[in-house]
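Report on the following structure.
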Amino acid sequence: MSHIKFATLTILAAAAIPAQAFANEAYVFGSIGNSDVSHSIERDIGANPPMLPVADTSGTTTAQDSGSSYQIGAGYQFDLGDSPFFVALEGFYGIEDIQTRNINSILITEVDVEARYGARVVSGIDVTDNFSFYTHGGYTWVDFDLTNRYTFAPPVTQRSDTESAFSYGMGVRYGITENISAVVDYTRVQDIDFGGIPEVAGNTNRVNPNRLALETISTGLRFSF
């Protein structure tokens, strides 16, 4: 992860907090949940594709799958004067266990999503003494492995990658005790565009546009101090 990007995002988020806000509480949190991944490949073999053992075609295909998600993080919440509104800054790290298999004509691309991490700004309202609603937006980095193979023969090519995108979502929080709250959260990592592994069949070195999207619903606990 780029520490410069992370620091820049945190500074910009802090600058967005109104001057009348005052520090309220620091907290840590942990959650488990389910993530859905969508992976798309767009292939254009051109007017004169190379001769291969099997027929090849152009087109766009999408593969979807889901898996377990585990997240930890920390934040600092600011109350906005005497109003029920608040804002917070959070940093988080999540472990993902999701694999997709996308077959586009003769090309098979597997994506193994391993982790996501980043920072976000939270804004919300205390509806009652125990119940709060919030929305959030920030920036997320996603670590994943790519594997290319073909339907008719080797070779197999692999690459590890990290891509980033805007993320957003919403959630609710319910106070169990003065310092412990239950949280339900929804997060979407906006579509991540990246180039796939260059194709080796026919020695084309063609790089196909790829797109990855990640949605997570999680439940967990928040501990304030």
Notebook entry, point to check: Does a donor on one side chain and an acceptor on the other come within less than 3.5 Å for Asp145 and Thr147?
Noted result: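 On atom types as modelled, these side chains do not qualify, holding no pair under 3.5 Å.
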Note to self: The criterion is salt bridge (charged side-chain N to carboxylate O under 4.0 Å, His left out); which residues satisfy it with Arg101, sequence neighbours excluded?
What the structure shows: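 If we apply the salt bridge (charged side-chain N to carboxylate O under 4.0 Å, His left out) test to Arg101, skipping adjacent residues, the hits are Glu110.
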Next item on the list: Could you pull out all residues at least two apart from Ser105 that satisfy side chain to side chain donor-acceptor pair (under 3.5 Å)?
Entry: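 With sequence neighbours excluded, Ser105 shows a side chain to side chain donor-acceptor pair (under 3.5 Å) to Asp56, Thr57, given in chain and number order.
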Check: Minimum heavy-atom separation for Glu96 to Thr216, with atom names?
Finding: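 Heavy atoms of Glu96 and Thr216 come nearest at OE2-OG1, 4.4 Å.
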With distance as the sole test, does [X] use its side chain to make a donor-acceptor pair with the main-chain N or O of [Y] at under 3.5 Å?
X: His136; Y: Tyr186; value: yes
X: Asp143; Y: Trp141; value: no
X: Ser224; Y: Tyr27; value: no

Just verifying a value: how many Å separate [X] [atom1] and [Y] [atom2], rounded to the nearest 0.5 Å?
X: Phe225; Y: Asn179; atom1: CZ; atom2: CG; result: 10.0 Å
X: Thr100; Y: Asp65; atom1: OG1; atom2: CG; result: 7.0 Å
X: Arg173; Y: Phe133; atom1: CZ; atom2: CZ; result: 12.5 Å

Report whether [X] and [Y] are members of the same hydrophobic cluster (ILVMFWY, side-chain heavy atoms less than 4.5 Å apart, transitive linking).
X: Val189; Y: Tyr117; result: no
X: Val37; Y: Ile217; result: no
X: Val122; Y: Phe78; result: no
X: Val113; Y: Ile197; result: yes

Check: If we only count heavy atoms from C-beta on, is the Ile176 to Leu221 side-chain gap below 4.5 Å?
Finding: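 Result yes, sub-4.5 Å side-chain heavy-atom pair found.
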Check: Quick one: are Asp97 and Gln99 in side-chain contact, heavy atoms under 4.5 Å?
Finding: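 Sidechains of Gln99 and Asp97: in contact.
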Next item on the list: Identify whether the distance between the nearest side-chain nitrogen and carboxylate oxygen of Arg222 and Glu25 falls below 4.0 Å.
Entry: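 Between Glu25 and Arg222 there is a salt bridge, with a charged N closer than 4.0 Å to a carboxylate O.
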Next item on the list: Applying side-chain contact (heavy atoms from CB on, under 4.5 Å) between Tyr174 and each of Asn130, Val183, Thr128, report the one that passes.
Entry: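 Looking at Asn130, Val183, Thr128, the match for Tyr174 under the side-chain contact (heavy atoms from CB on, under 4.5 Å) is Asn130.
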Next item on the list: Please name the residue in the list Ser35, Ser69, Ser31 that meets the side-chain contact (heavy atoms from CB on, under 4.5 Å) test with Ser218.
Entry: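 Going through Ser35, Ser69, Ser31 one by one, the side-chain contact (heavy atoms from CB on, under 4.5 Å) with Ser218 is satisfied by Ser31 alone.
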Check: Is Arg120 close enough and on-axis enough to Tyr134, meaning under 6.0 Å and within 45°, for cation-pi?
Finding: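 No, a cation-pi geometry is absent between Arg120 and Tyr134.
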